[in-house]
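Scroll down for the structure; my scribbles are underneath it.
Residues take their numbers from the sequence shown, with the count starting at 1. All values below were derived from every heavy atom in this structure, side-chain atoms included, with hydrogens, water molecules and symmetry-related copies excluded.
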Amino acid sequence: MALPGARARGWAAAARAAQRRRRVENAGGSPSPEPAGRRAALYVHWPYCEKRCSYCNFNKYIPRRVEEAAMQKCLVTEAQTLLRLSGVQRVESVFFGGGTPSLASPHTVAAVLEAVAQTAHLPADSEVTLEANPTSAPGSRLAEFGAAGVNRLSIGLQSLDDTELRLLGRTHSACDALRTLAEARRLFPGRVSVDLMLGLPAQQVGPWLGQLQELLHHCDDHLSLYQLSLERGTTLFAQVQRGALPAPDPELAAEMYQRGRAVLREAGFHQYEVSNFARNGALSTHNWTYWQCGQYLGIGPGAHGRFMPQGAGGHTREARIQTLEPDNWMKEVMLFGHGTRKRVPLGRLELLEEVLALGLRTNVGITHQHWQQFEPQLTLWDVFGANKEVQELLERGLLQLDHRCVGGCRAEGAEAYQGALTTALHRPRRSEKD
């Protein structure tokens with residue numbers, strides 16, 4: 001496959017060589033030499049799908065025809081613009097999500113990676129993930145994505161039951177999913193993640209656990225368990241609202257989750273985040289950036305980002321949302337270099353809320369050292385040590401606060417301890433100035 005430009009060919013070749021010799025490491029391993037403000041992850045949103053799934057409310061579109069050359073040019077332009085605006089010098093991971101990015105041409109993926117490598121440092125062993133649906137990802141196409149620089153796949157399998165797949169509006173069968181998974185593991189050994197949903201209408205614990213056990217015979221070293229969320233505006237939400245389908249049972253979903261965790265633990269998987277499990281060190285470094293409240297740039301229609309713009313005296317991290325509708329987004333990119341529709345400066349407390357909400361999702365919680373990166377004036381002990389609600393959670397065994405970190409001890413206590421910690425965070429302290 002011919003890639004667009006010698007630089008892309010060189011980067012993709014170096015990436016493949018690095019992958020062959022790469023030792024699998026845990027997320028957050030060796031620190032990068034650049035200061036944290038100059039490092040970021042990059043998310044690329046491909047907004048198009050073949051069909052809208054019955055549960056999906058993501059920003060996606062079912063076009064009659066995609067002007068991919070125009071979309072590719074705008075993705076490249078916006079990536080270059082936001083890298084310059086952010087002052088990011090090192091991109092530590094790239095994630096192509098959607099939508100269905102496996103519908104995009106491998107040339108588009110290669111062009112974006114080339115642009116990133118030309119504008120910032122993209123290490124040869126950076127994690128480059130592509131979301132793939134089984135019906136749009138035959139083995140030959142997956143190989144082309146690998147040649148373009150992709151080195152990790154996330155497969156939207158969702159279920160191994162054909163009736164459930166039809167209910168979800170998926171375009172693939174269980175056989176399609178397993179065939180794609182086998183091809184993916186052959187091409188990207190140790191670098192394939194799969195998603196499995198739980199808590200569907202009328203779904204029962206036993207059959208779902210059977211699916212999970214079956215998947216363990218075929219999966220690689222990363223697996224995500226996602227509970228169905230009924231979102232207003234989706235077909236599935238409407239079906240449940242009018243009584244055509246039973247509402248999902250939250251107690252059954254909780255049992256699936258807890259028993260699924262046990263099954264994965266027995267199979268050697270380590271739970272490192274609420275929904276994510278890995279073995280052999282195959283954590284998602286891109287998602288770890290999110291959970292550690294790191295900087296990330298979002299490019300493409302409707303993409304979200306969190307970064308600190310450079311210049312003009314800016315010292316505040318911004319939450320950014322790109323224009324949702326693809327045609328309008330492309331017009332803005334062609335006019336201004338990027339299609340940012342909304343910029344929201346994050347205040348000190350808003351940023352610390354994000355540190356809490358995201359860090360508490362992980363198995364390590366928020367370490368004292370990590371907290372100090374965002375709040376050097378007040379320690380975790382200063383903020384939470386004397387709080388009555390926090391003390392009650394500690395006594396109930398729902399929360400841990402010690403010399404290492406603050407973290408949740410049990411998933412079922414998450415809402416209680418996140419609420420209590422956020423309340424404590426907003427409570428004024430004597431050490432703070434008016």
What I'd like to find out is whether the side chain of Thr285 reaches to under 4.5 Å of the side chain of Phe95, using heavy atoms alone.
no
Short side-chain to backbone donor-acceptor contact, Asn151 and Ser126, under 3.5 Å
yes
So which heavy atom on Ala148 is nearest to which on Pro106, and how close?
CB-O, 3.5 Å
So does Gln80 get a backbone contact from the side chain of Thr119, meaning a donor-acceptor N/O pair under 3.5 Å?
no
What one should report as the nearest heavy-atom pair of Glu251 and Asp249 is N-OD1, 2.9 Å
Closer than 4.0 angstrom, basic N to acidic O: yes or no for Arg170 and Glu164?
no
Working for ring pair (Phe, Tyr, Trp, His ring centres under 6.0 Å), residues Tyr272 and His222
CA-CA 11 Å; Tyr272 68 101; His222 194 279; 5.7 Å; yes
May I ask you to decide if Gly98's main-chain N or O and Glu131's side chain share a donor-acceptor pair within less than 3.5 Å?
yes
Under the 3.5 angstrom rule, does the side chain of Asp162 hit a backbone N or O of Ala174 as a donor-acceptor pair?
yes
For the side chain of Gln391 and the backbone of Gly385, is there at least one donor-acceptor N/O pair under 3.5 Å apart?
yes
Verify the distance criterion only: is there a donor paired with an acceptor across the side chains of Thr135 and Thr171 at less than 3.5 Å?
yes
Under a 3.5 Å cutoff, is there a donor and acceptor pairing between the side chains of Tyr61 and Asn59?
yes
If you look at every heavy atom in Phe96 and Val94, which pair is closest and at what distance?
CE1-CG1, 3.6 Å
Under 3.5 Å donor-acceptor, Glu78 side chain and Gly300 backbone
yes
Under 3.5 Å, is there a donor on one side chain and an acceptor on the other for Gln322 and Thr340?
yes
Would you call Asn363 and His270 a side-chain contact if the rule is heavy atoms closer than 4.5 Å?
yes
Using only heavy-atom distances, determine whether the side chains of Glu127 and Ser93 contain a donor-acceptor pair under 3.5 Å.
no
Can you check side chain to side chain contact (heavy atoms under 4.5 Å, CB included) on Gln211 and Asp161, steps first, answer last?
CA-CA 8 Å; Gln211 287 187 49; Asp161 181 283; 3.6 Å; yes
Measure the shortest side-chain to side-chain distance between Leu167 and Leu236 over non-hydrogen atoms and say whether it is less than 4.5 angstrom.
yes
For the residue pair Tyr290 and His286, does the interplanar ring angle fall in the parallel (under 30°), tilted (30 to 60°) or perpendicular (over 60°) class?
perpendicular
Give the intermediate values and the outcome of side chain to side chain contact (heavy atoms under 4.5 Å, CB included) for residues Glu375 and Arg348.
CA-CA 8 Å; Glu375 176 47 89; Arg348 168 178 166 270; 2.7 Å; yes
Do the non-hydrogen side-chain atoms of Trp371 and Leu356 ever get within less than 4.5 Å of each other?
yes
Is there side-chain contact between Arg38 and Val88, with heavy atoms separated by less than 4.5 Å?
no
Identify the heavy atoms of Gly339 and Val333 that sit nearest to each other, and give their distance.
N-CG2, 3.6 Å
Look up atom SG in Cys293 and atom CD1 in Ile366, then write down how far apart they are to the nearest 0.5 Å.
9.5 Å
Is the backbone N or O of Gln258 less than 3.5 Å from a side-chain atom of Glu255, with the two atoms forming a donor-acceptor pair by type?
no
Looking at Arg279 and Gly268, would you say the former's side chain and the latter's main chain have a donor-acceptor pair under 3.5 Å?
no
So, Glu50 versus Thr100: side-chain donor-acceptor pair below 3.5 Å or not?
no
Closest approach of Thr289 to Gln295 (non-hydrogen atoms, all atoms of both residues):
CG2-O, 3.6 Å
Between Tyr226 and Asn276, is a side chain to side chain contact (heavy atoms under 4.5 Å, CB included) present by the stated rule, with each step listed?
CA-CA 9 Å; Tyr226 292 119; Asn276 287 272; 4.1 Å; yes
I'd like to check Leu196 versus Trp208 (side-chain heavy atoms, cut-off strictly below 4.5 Å). Are they in contact?
yes
Can you tell me how far the OG atom of Ser224 sits from the CG atom of Leu157, to the nearest 0.5 Å?
11.5 Å
Nearest-0.5 Å distance, CG of residue Asn280 to CZ of residue Phe269:
8.5 Å
Please report the interatomic distance CG(Asn287) to OG1(Thr362), rounded to the nearest 0.5 Å.
12.5 Å
Kindly indicate whether the side chain of Glu266, heavy atoms from C-beta on, has any atom under 4.5 Å from the side chain of Val263.
no
Short question: side chain of Gln310, backbone of Ser86 - any donor-acceptor pair under 3.5 Å?
yes
Over all atoms of both residues, closest heavy-atom pair of Leu122 and Ala117:
CB-CA, 4.2 Å
With the side chain counted from C-beta on, respond yes when Leu401 and Trp381 share a heavy-atom pair under 4.5 Å apart, and no when they do not.
yes
Is the closest side-chain donor-acceptor distance between Glu231 and Ser229 under 3.5 Å?
yes
Treating Arg141 as the side-chain partner and Ser102 as the backbone partner, does any N or O pair qualify as donor plus acceptor under 3.5 Å?
yes
Between Leu187 and Phe145, does a side chain to side chain contact (heavy atoms under 4.5 Å, CB included) hold up when you go through it step by step?
CA-CA 10 Å; Leu187 293 165; Phe145 282 120; over 6 Å; no
So how far is it from His338 NE2 to Arg320 CZ, rounded to the nearest 0.5 Å?
6.0 Å
Got a second to check how far Leu394's CG is from Glu389's CD, nearest 0.5 Å?
11.5 Å
